[in-house]
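For reference, the structure is listed below as structure tokens.
Whatever order the structure lists them in is the order used to number ligands and atoms, beginning at 1. Not measured: the values here are computed from a predicted model. Residue numbers run from 1 in the order of the sequence given. Atom set for the values below is all heavy atoms of this structure, side chains included, hydrogens, waters and symmetry mates excluded.
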Amino acid sequence: MATNRTFTMIKPEAVAAGSMGKILDMIMDNGFRVVAMKYTRLSRQEAGTFYAVHKERPFYGELVEYMASGPIVAAILEGDNAVQRFRDLIGATDPTQAAEGTIRKRFAESKAKNAVHGSDSDENAAIEGAFFFSGREQF
Ligand code: ATP
Ligand code: MG
């Protein structure tokens, strides 16, 4: 199986709840290597750009406000079949639908405030990683 990369954010409510260490433990315990990581905060404009694919959706305004509401942790992760395996680890968008043992089952508050982001394709993983990190910041 190919080793490749995905991109994640620990979202503002999970950082505010003090869960970033536990979430990072789950990620690393599941065999993902950290390629790049930063503690940062998105402006509304940056959050809007990051989630531009959802701009026609009814929840877009709420999503942008939420993602800009406090600091996040952004990271590029590497592992076997990284995009799919990480989506499996985070679980369904709606935590009431997320499987036992997933990050969202354990940490998400709601479908909107769902603790973590995970890229949905190799192409988007590369775009999202480049949004946050220069080549100089990837190891
Ligand atoms: P992410 O892209 O953050 O990993 P996802 O791929 O599981 O999440 P998407 O459909 O891409 O889900 O939605 C992006 C984000 O928008 C969700 O993670 C959630 O924070 C928010 N969101 C999605 N659907 C809703 C909804 N119906 N109401 C409110 N917020 C929503
Ligand atoms: Mg998504």
Inset, instruction - Could you tell me whether ligand 1 has any atom less than 4.0 Å away from a heavy atom of Lys113? - result: no
Inset, instruction - Only one of Thr93, Asp94, Ile103, Ile90 passes side-chain contact (heavy atoms from CB on, under 4.5 Å) with Asn114; say which it is. - result: Thr93
Between side-chain atoms of residues 56-64 and protein atoms elsewhere (two or more places apart, or another chain), which donor-acceptor pairs fall under 3.5 Å?
unit_1 : atom_1 : unit_2 : atom_2 : d
Arg57  : NH1    : His54  : ND1    : 3.1
Tyr60  : OH     : Gly48  : O      : 2.9

Legend entry - Listed partners of Glu78 passing salt bridge (charged side-chain N to carboxylate O under 4.0 Å, His left out), at least two apart: Arg5, Arg33
Legend entry - Region of Asn114 that comes within reach of ligand 1 [heavy atoms, distance under 4.0 Å]: side chain
Inset, instruction - Look at atom 23 (C) of ligand 1 and find which of Tyr66, Phe50, Tyr51, Phe59 reaches it with the closest heavy atom. - result: Phe59
Legend entry - Option nearest atom 11 (O) of ligand 1 (shortest heavy-atom distance, choices Lys111, Glu128, His54): His54
Inset, instruction - Answer with side chain, backbone, both or neither: which part of Arg104 has a heavy atom less than 4.0 angstrom from an atom of ligand 1? - result: side chain
Inset, instruction - Just let me know how Met67 lines up against ligand 1, side chain, backbone, both or neither, with a heavy-atom cut-off below 4.0 Å. - result: neither
Legend entry - Test of proximity, Gly118 against ligand 1: N or O pairs below 3.5 Å: yes
Inset, instruction - Write out the residue and atom name of the closest protein heavy atom to atom 1 (P) of ligand 1, then the distance separating them to 0.1 Å. - result: His117 ND1, 3.1 Å
Inset, instruction - Evaluate the ring planes of Phe7 and His117, with Trp represented by its six-membered ring, and classify them as parallel (under 30°), tilted (30 to 60°) or perpendicular (over 60°). - result: tilted
Inset, instruction - Select one of side chain, backbone, both or neither to describe which atoms of Met9 lie under 4.0 Å from any atom of ligand 1, heavy atoms only. - result: neither
Inset, instruction - State if Asp120 counts as touching ligand 1 under the rule of any non-hydrogen atom under 4.0 Å. - result: no
